[in-house]
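Note sheet for the following structure.
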2 protein chains.
Amino acid sequence: MPTLNEVAQKAGVSTATVSKVLSNTPYFSEATRQKVMQAVEELGYRPNLAARALSKGKTHVIGVVFPYIYDRVFTDPLVQRILEGVEGECSQRGYNLLLSTPQLAAQGPDENYLRLLHSGYVDGLVALDNVPVASVLEPARARNVPAVAIGYQPHAYYVHSDDHQGGQGLMEYILGLGHRHIGVITVRDGLNYSIRQRIAGLQTAAEAAGLNFAELPQIEGRFSLASGAECARTLLEQHPQITALACMNDRMALGALHYAREAGIAVPAALSVVGYDDISSAQHAVPPLTTINQQALQLGRMATRMLFELLDQTEPASVVLPTELIIRASAAPPVVQK
Amino acid sequence: MPTLNEVAQKAGVSTATVSKVLSNTPYFSEATRQKVMQAVEELGYRPNLAARALSKGKTHVIGVVFPYIYDRVFTDPLVQRILEGVEGECSQRGYNLLLSTPQLAAQGPDENYLRLLHSGYVDGLVALDNVPVASVLEPARARNVPAVAIGYQPHAYYVHSDDHQGGQGLMEYILGLGHRHIGVITVRDGLNYSIRQRIAGLQTAAEAAGLNFAELPQIEGRFSLASGAECARTLLEQHPQITALACMNDRMALGALHYAREAGIAVPAALSVVGYDDISSAQHAVPPLTTINQQALQLGRMATRMLFELLDQTEPASVVLPTELIIRASAAPPVVQK
DNA sequence: CGCGCGTCGTTAAACGCTTAACTATCAGGA
DNA sequence: TCCTGATAGTTAAGCGTTTAACGACGCGCG
């Protein structure tokens, strides 16, 4: 591959001049500009980014970090959506995207990730950082690598969705339909800050309606559709009086729907099911799933914009995105019984 | 961030020695090893990858290229799955993943991508390269950047799934059920080699059964679920005698299912629908979708392994992966009528 | 006429690492 | 004793950029 030097030779000038022309740094004549451009053209020269990175200390690469915790990273439709947002912002600005999926153990992220972080290979980081066990951004902060968290990280720049509001809205909706026997399908507490907030939101709404939230039947799934189906079965077998199921993500809600169909339980006539996330398949489920849209795309976009502000030396403000209740057809008033 | 030099100073040796110790190049004593390691430890030293890249000409980064054609890149569940495969192989070997989503115009990929390609920033490329308009790997070949295509690129190292076999299997299955009035939902020809092959497969099977394939009603969708629904409507309104719909991807098949449900057409009793891809939501559709599994995960894995072989200077063999017919519940024999 | 300044271009150092070439030391064999 | 060769470590060049520092030139102005 041709180098700056070869271009310089060909154009009959020094490398410094070529560099100036290419970076549009003042003080070169139109004539030399022409010569240089011509040489660049003929050789098909393109700068070596590694060299540039070394010299400038900037790589134009930002790292996207999806730690590998409860789930294979890319099975979560939200991740995909976030990535889409990040990607859009980056490519708009001519930045490249380095994907990192560190293992996250209690003592911190894995060595591979740390090497990347300290390598000078990325100008900044956008990280899904939302679990209590350990923060992937902690080491970044220690090394002064600009970073934005998607999640609940009060000590960092962050963006997250208003999960409390979302949870509350969801519960208010169910209560408003008239349900009182409500089962909750959640995940193990302490796995994820967002879900903890959603639960808190449910609780707020429940207690505002005079229900004792702690007495509502709850069960812990593992995020997946299959686990949702299983949880629905267990919950309904143990508490046949349940008329509504609030699931803390859409995949588990879809699982619940799946179970209901197999068990011959009509949704929403005999059982209401609501989810959380508004993943794309929620819309086409049978029946279409009532859920909370948490704007994953926007999450990715915002985080990336904030990172760019950081890179531009301006202090970004952390953001909390509002959620929206998406009413479809999987929930209805309970049939009056007994 | 600490540099090699600082480590060397602290350990009281030369940078060359430190470098040797760290890369385990022969000829240093246990004593110096200890000193060096201690210094590394205390300073928290980690190599600057840009410098290393410049010096060695290797970055340990491979580029994953998903050109941006008919669709926003990450909306296709297959892309996600392929990415998962690539990611797994890479992180196993300590490689990092750079994501590139070039715009693909007739005259070739965009400048941003070319810059990346020529930058020396990636050691190799795995590319979804499967469209007739232009190849993203063409410029890679021109620059001698090792690359593997996922798709039909006979001039390159490639891996693709046996779409002809898949299409044929799908059609044989439908014919075997007894259908003769079969509608085909495809995409604009020339958009995608794989789909062209699938169609060829359908045709092979149809003609083996004595059907004139060209006379079967066909319509072109745009990959998406919504377009599938629309196509199903059009096709069925124009050709009410159709008893089965063969869709060239699952999303359009899901759309067809969606339309059928709305229109009150019972699947599979009154209409059989089959898809292609076996995306995860196919399994949970109502009714569960009969489709062809094309092993997207494996596609990503294989391509990456081939790339690593290439990087190891060994000539990889291109691969064609077999497909598998996944029989679920969206297709059944036609009701004998008239 | 001479000085200063704006313009255009060059030289060379620096970024942090790898590695070929080199020096020094020491043990063992002839 | 001397030579050889293995071992241990150093020096310095090189990877391809950027950029600070510097020189040369010409022009306008006092």
Side-chain angles (χ1 to χ4, degrees), chain A residues 1-40 43-61 115-123 143 145, chain B residues 1-40 43-61 115-123 143 145:
Chain A
M1 305 202 181
T3 71
L4 237 210
N5 213 322
E6 297 173 39
V7 174
Q9 303 247 327
K10 182 144 200 162
V13 296
S14 72
T15 64
T17 301
V18 177
S19 182
K20 269 192 201 162
V21 170
L22 292 181
S23 64
N24 239 311
T25 306
Y27 303 144
F28 52 83
S29 64
E30 177 56 22
T32 51
R33 205 192 66 85
Q34 300 251 338
K35 277 189 299 183
V36 168
M37 287 324 243
Q38 166 123 12
V40 164
L43 293 172
Y45 168 80
R46 285 202 181 70
N48 178 310
L49 293 187
R52 189 178 351 243
L54 182 56
S55 177
K56 301 233 296 184
K58 295 274 156 232
T59 61
H60 265 222
V61 170
R115 214 165 48 212
L116 178 69
L117 182 59
H118 297 178
S119 68
Y121 228 91
V122 293
D123 288 351
R143 287 280 174 154
V145 176
Chain B
M1 305 204 185
T3 72
L4 237 211
N5 213 323
E6 296 173 41
V7 174
Q9 301 246 327
K10 182 145 200 163
V13 296
S14 72
T15 63
T17 302
V18 176
S19 182
K20 271 191 200 164
V21 169
L22 292 181
S23 63
N24 238 312
T25 306
Y27 304 143
F28 51 83
S29 65
E30 177 55 23
T32 51
R33 204 191 67 87
Q34 299 251 339
K35 277 190 300 184
V36 169
M37 287 322 245
Q38 165 124 14
V40 164
L43 292 173
Y45 168 80
R46 284 202 180 68
N48 178 310
L49 293 187
R52 194 181 348 243
L54 182 56
S55 178
K56 302 234 295 185
K58 295 274 154 230
T59 60
H60 265 222
V61 170
R115 213 166 46 212
L116 178 69
L117 182 60
H118 297 178
S119 68
Y121 228 89
V122 293
D123 289 350
R143 287 280 174 155
V145 176

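In the text below, chain A, chain B and the rest are named by the order of the sequence lines, each starting its count at 1.
For DNA chain C, the neighbouring residues in residues 47-58 of chain B, judged by any heavy atom under 4.0 Å, are B:Pro47, B:Asn48, B:Ala51, B:Arg52, B:Ser55, B:Lys56. Residues from residues 2-26 of chain A placing a heavy atom under 4.0 Å of any atom in DNA chain C, listed by number, are A:Val13, A:Ser14, A:Ala16, A:Thr17, A:Lys20.
Atoms CZ (B:Arg46) and P (C:dG16) sit 17 Å apart, rounded to a whole Å. Atom-to-atom, CZ of B:Phe28 to P of C:dA24 comes out at 23 Å; the value is rounded to the nearest Å. Regarding A:Glu30, its CD atom lies at a distance of 11 Å from the P atom of C:dG9, rounded to whole Å. A:His60 places its NE2 atom 14 Å from the C1' atom of D:dT18, with the value rounded to the nearest Å. To the nearest angstrom, C1' of C:dC17 lies 16 Å from CE of B:Met1.
In this model, no donor atom of one side chain and acceptor atom of the other lie less than 3.5 Å apart for B:Asn5 and B:Thr15. Side-chain polar atoms of B:Gln34 and B:Glu30 form a donor-acceptor pair below 3.5 angstrom.
Between B:Tyr27 and D:dT7, a side-chain N or O to OP1/OP2 separation shorter than 4.0 Å is present. A sub-4.0 Å separation between OP1 or OP2 of C:dT7 and a side-chain N or O of A:Ser29 is absent.
Here B:Ser119 contributes atom OG and A:Arg52 contributes atom CZ; the two are 9.5 Å apart, rounded to the nearest 0.5 Å.
Listed here is the closest heavy atom pair of A:Val18 and A:Val13: CG2-CG2, 3.7 Å.
Taking the side-chain hydrogen bond (donor to acceptor under 3.5 Å, both in side chains) definition, one finds that A:Gln9 meets it with nothing, sequence neighbours left out.
Side-chain atoms of B:Arg143 and A:Arg46, non-hydrogen and from C-beta on, do get closer than 4.5 Å to each other. At a threshold of 4.5 Å between non-hydrogen side-chain atoms, the residues A:Tyr121 and B:Asn48 do not count as touching. Using a 4.5 Å heavy-atom threshold, the side chains of A:Ser19 and A:Leu4 count as touching.
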